[in-house]
Amino acid sequence: QVQLVESGGVVVQPGGSPRLSCAASGFTLSNYIMNWYRQTPGKERELVAIISNTGGSTKYADSVKGRFTISRDNAKNTVYLQMNSLKPEDTAVYYCKVTFGPITYWGQGTQVTVSS
């Protein structure tokens with residue numbers, strides 16, 4: 001079956017630089033565009049970053065541009081989100097996502113807490 005398994009939650013101080021991972025099973029990740037989203041209470045889930053199937057093209061939300069980097073290691077069937085210079089407002093649950101035509105699969109979510 002298709003699964004996206006994310007790394008565990010993290011608590012970091014402002015300015016920290018954790019890396020999230022999303023390991024895929026049940027499909028070949030290199031064939032698909034991958035996404036990272038995040039969600040905080042009372043807000044809609046928002047797109048954070050997108051990466052093409054080859055990794056040659058990426059896009060970011062304005063709020064994270066210049067600080068976050070999405071990448072993929074197709075040999076490991078894994079997509080990553082490197083987060084740098086974290087701010088308290090980056091606190092959220094982060095989800096990876098893949099879409100197979102009309103079907104979308106989500107990771108289980110990773111709680112990222114930025115606090116001093």
Any chain of hydrophobic side-chain contacts (each under 4.5 Å) joining [X] to [Y]?
X      : Y     : answer
Val10  : Trp36 : yes
Val11  : Leu20 : no
Ile51  : Val64 : yes
Ile50  : Tyr32 : no
Val114 : Tyr95 : no

Inset, instruction - Check Ser116 against Pro14 and note the closest heavy-atom contact, atom names and distance. - result: N-CD, 3.8 Å
Inset, instruction - Work out which heavy atom in Ile33 is nearest to a heavy atom in Asn35; give both atom names and the distance. - result: O-ND2, 4.1 Å
Inset, instruction - Enumerate the residue pairs fulfilling disulfide bond (SG atoms under 2.5 Å apart) with a member in residues 82-116, sequence neighbours excluded, ordered by first and then second residue. - result: Cys22-Cys96
Legend entry - disulfide bond (SG atoms under 2.5 Å apart) contacts touching residues 43-79 (sequence neighbours left out): none
Just list the side-chain donor-acceptor pairs under 3.5 Å for residues 101-109, sequence neighbours left out, or say none.
unit_1 : atom_1 : unit_2 : atom_2 : d
Thr104 : OG1    : Thr99  : OG1    : 3.3
Gln108 : OE1    : Glu6   : N      : 2.8
Gln108 : NE2    : Glu6   : O      : 3.0

Inset, instruction - Side-chain contact test, heavy atoms from C-beta onward, threshold under 4.5 Å: evaluate it for Thr91 versus Gln111 and give yes or no. - result: yes
Legend entry - All side chain to side chain donor-acceptor pair (under 3.5 Å) counterparts of Tyr37, not counting sequence neighbours: Lys97
Legend entry - Results of side chain to side chain donor-acceptor pair (under 3.5 Å) for Asn31 - residues two or more places apart only: none
Legend entry - Residues forming a salt bridge (Lys or Arg N to Asp or Glu O under 4.0 Å) with Lys43, sequence neighbours excluded: none
Legend entry - Non-neighbouring partners of Arg45 that pass salt bridge (Lys or Arg N to Asp or Glu O under 4.0 Å), sequence neighbours left out: none
Inset, instruction - Could you list who else is in Val5's hydrophobic cluster, with ILVMFWY side chains joined at under 4.5 Å, directly or through other members? - result: none
Table please: side-chain donor-acceptor pairs of residues 73-88 below 3.5 Å, with sequence neighbours left out.
unit_1 : atom_1 : unit_2 : atom_2 : d
Asp73  : OD1    : Ala75  : N      : 3.2
Asp73  : OD1    : Lys76  : N      : 3.4
Asn74  : OD1    : Arg72  : NE     : 2.9
Asn74  : ND2    : Asn53  : O      : 3.3
Asn77  : OD1    : Leu29  : N      : 2.9
Asn77  : ND2    : Ala24  : O      : 3.1
Asn77  : ND2    : Phe27  : O      : 2.9
Thr78  : OG1    : Lys76  : O      : 2.9
Gln82  : NE2    : Ser17  : O      : 3.2
Gln82  : NE2    : Pro18  : O      : 3.2
Gln82  : NE2    : Asn84  : OD1    : 3.3
Asn84  : OD1    : Ser17  : OG     : 3.2

Legend entry - Ser7 side chain vs Ser21 backbone, donor-acceptor pair below 3.5 Å: yes
Return all side-chain donor-acceptor pairs below 3.5 angstrom for residues 54-61, not counting sequence neighbours, or 'none' if the list is empty.
unit_1 : atom_1 : unit_2 : atom_2 : d
Thr54  : OG1    : Gly56  : N      : 3.3
Tyr60  : OH     : Ile70  : N      : 2.9

Inset, instruction - Decide if atom CD of Glu44 counts as having more than 12 heavy atoms of other residues, nucleotides or ligands within a radius under 6.0 Å. - result: no
Inset, instruction - Provide the full list of salt bridge (charged side-chain N to carboxylate O under 4.0 Å, His left out) pairs with a residue in residues 13-38, sequence neighbours left out, each pair given once. - result: Arg38-Glu46, Arg38-Asp90
